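Encoded as structure tokens, the structure appears first; notes follow it.
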Amino acid sequence: MTLLIGFFLIASWTAAAIAELPPGVEPCPRTNDLAQYDRCVVKQLNVITPYLAKGIPSLKLPALDPLFLPSLTVDRNLEALKIKANMSQIRVYGATNFLIDDLKANPNDLSVSIKVQLPHVHVNGDYDVQGRLLLLPLNGAGSFKGNFTNTEVQVNAQGKEATDKNGVQRIEVDKLVTKIRVGDGNIKLKAPPTHTLAADAAATFFNSNPRLVLDIASPIIEDTAATVSRALAARALGALTKAELLP
């Protein structure tokens, strides 16, 4: 759910007029008035949102609505949830329809704190899973669709200065902590005849107890979102030097 953090980091730390930014997006000048800086960043994020949907090639950011993930592997052993899953052809819709509740950015120490809401997110793709949710076996393969509403996301990120293999100074993500609470959701699972009963049982259990399941799965959701967000941020930050970001 934090798929936008990659660009949030770029927008928050950018201080110079960078040609790589889309037309109409103005950099926020560095200042010790952090409240003023925050307002500038929020304004620019609102301006750039339409570009995020289709992607920003110059910053190596793919289209974010839908965001396409060719593959995703989950292997976790929690007390109430043990799961090994390979998912593919995943598409996430709604990631750019976010509402910013709070944003604090500091270009001097490269820190960013963001709280956003995602009113509606739709996800579909293919799955191959083995495991257990409480006493319910999770075994089978097929395709899935999921609708999730009123998702709250809190992200705290910290950047650091680094030198790449060519001696060029850049900015990297040092720490990224994510907290996510999905308000509600429902899923549909489609499986071949040999796995239909298991798929129906899993979908029925989730749809009857979405709050329970979402709370149990929260660590996996947060870790997965953070991993994808780090990858997006690394690609975007890798397209710019420290001098371009912080002249």
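Model, not experiment: these values are computed from the prediction.
N97 has its side chain within reach of D65: a pair of non-hydrogen atoms, C-beta onward, lies under 4.5 Å apart. In this structure the side chain of I48 reaches within 4.5 angstrom of the side chain of I56, judged on heavy atoms. The side-chain heavy atoms of L232 and P62, taken from C-beta on, include a pair separated by under 4.5 Å. Contact check for N150 versus D184: no side-chain heavy atoms found under the 4.5 Å cut-off. The shortest side-chain heavy-atom distance between Q158 and K160 does not fall under the 4.5 Å cut-off.
Among residues two or more places apart in sequence or in another chain, the salt bridge (charged side-chain N to carboxylate O under 4.0 Å, His left out) test is passed with R181 by none. Remark: H120 engages no residue in a ring pair (Phe, Tyr, Trp, His ring centres under 6.0 Å) (not counting sequence neighbours). Scored by the salt bridge (charged side-chain N to carboxylate O under 4.0 Å, His left out) test, D102 finds K104 as partners (sequence neighbours excluded). Listed by chain and residue number, nothing satisfies the ring pair (Phe, Tyr, Trp, His ring centres under 6.0 Å) test with F68 (two or more places apart in sequence, or in another chain). Here D215 pairs with R211 under the salt bridge (charged side-chain N to carboxylate O under 4.0 Å, His left out) rule; sequence neighbours left out. In this structure A80 satisfies the side chain to side chain contact (heavy atoms under 4.5 Å, CB included) test together with L134, I216, sequence neighbours excluded. Not counting sequence neighbours, D101 has no partner by the salt bridge (charged side-chain N to carboxylate O under 4.0 Å, His left out) test.
Atom CZ of F206 is separated from atom CG of L212 by 10.0 Å, given to the nearest 0.5 angstrom. In this structure, NZ in K188 is found 12.0 Å from CG in N124, a value given to the nearest 0.5 Å. Taken from CZ in R132 to CG in L81, the straight-line distance is 8.0 Å, to the nearest 0.5 Å. Put simply, CD1 on I220 and CG on L214 are 11.5 Å apart, with the number rounded to the nearest 0.5 Å. Atoms CG and CG, from L67 and L52 in turn, are 11.5 Å apart once rounded to the nearest 0.5 Å. Atom NZ of K82 sits about 14.0 Å away from atom CG of L133, to the nearest 0.5 Å.
Residue D33 places its CG atom among more than 12 non-hydrogen atoms of other residues, nucleotides or ligands, all under 6.0 Å distant. The local environment of CG in L135 is sparse, with at most 12 non-hydrogen atoms from other residues, nucleotides or ligands closer than 6.0 Å. Other residues, nucleotides and ligands contribute only 12 or fewer heavy atoms inside 6.0 Å of the CD atom of Q130.
Among residue pairs with one or both ends in residues 97-199, none qualify as disulfide (SG to SG under 2.5 Å); sequence neighbours excluded. Sorted by first and then second residue, the pairs that involve residues 30-145 and meet disulfide (SG to SG under 2.5 Å), not counting sequence neighbours, are C28-C40. Sorted by first and then second residue, the side-chain hydrogen bond (donor to acceptor under 3.5 Å, both in side chains) pairs with a member in residues 66-81 read T73-N86, R76-D223; sequence neighbours excluded. Among residues at least two apart or in separate chains, there is no disulfide (SG to SG under 2.5 Å) pair with a member in residues 120-224. Sorted pairs that involve residues 90-142 and meet disulfide (SG to SG under 2.5 Å), not counting sequence neighbours, are lacking altogether.
At a threshold of 4.5 Å between side-chain heavy atoms, the hydrophobic network of Ile, Leu, Val, Met, Phe, Trp and Tyr places L138 and L197 in two separate groups. Under the 4.5 Å side-chain heavy-atom criterion for grouping Ile, Leu, Val, Met, Phe, Trp and Tyr, I221 is not connected to V177 through any hydrophobic cluster. Under the 4.5 Å side-chain heavy-atom criterion for grouping Ile, Leu, Val, Met, Phe, Trp and Tyr, I100 is connected to L118 within one hydrophobic cluster.
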Would you sort out whether N139 and H195 count as a side-chain contact (heavy atoms from CB on, under 4.5 Å), showing the intermediate values?
CA-CA 8 Å; N139 297 297; H195 294 147; over 6 Å; no
Using side-chain contact (heavy atoms from CB on, under 4.5 Å), reason through V41 and V112 one step at a time and then give a plain yes or no.
CA-CA 11 Å; V41 172; V112 184; over 6 Å; no
Between I180 and T151, does a side-chain contact (heavy atoms from CB on, under 4.5 Å) hold up when you go through it step by step?
CA-CA 7 Å; I180 298 175; T151 298; 3.8 Å; yes
V116 and V155: side-chain contact (heavy atoms from CB on, under 4.5 Å), yes or no, with the steps?
CA-CA 9 Å; V116 302; V155 179; over 6 Å; no
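Between S229 and L176, the shortest heavy-atom distance links the atoms CB-CD2, 3.9 Å. L189 approaches A199 most closely through the heavy-atom pair CD1-O, 3.5 Å. The minimum heavy-atom distance between G185 and P210, with the atom names listed, is O-CB, 3.6 Å. Taking every heavy atom of both residues into account, S113 and N156 meet most closely at OG-OD1, 2.9 Å. The nearest pair of heavy atoms linking L34 to P107 is CD2-CD, 4.2 Å. Nearest heavy-atom pair across K175 and R230 is CA-NH2, 3.6 Å.
Put simply, the side chain of N207 gets close to the backbone of I187: a donor and an acceptor are under 3.5 Å apart. No side-chain donor-acceptor contact under 3.5 Å links Q117 to the backbone of L99. Proximity of a side-chain donor or acceptor of D126 to a complementary backbone N or O of M87 within less than 3.5 Å is not detected. Without hydrogens or angle criteria, N209 side chain to V213 main chain gives no donor-acceptor distance under 3.5 Å.
Ring geometry for Y93 against H122 counts as tilted: the plane angle lies between 30° and 60°, on a 0 to 90° scale.
Side chains of S111 and D109: a donor-acceptor N/O pair is present below 3.5 angstrom, by distance only.
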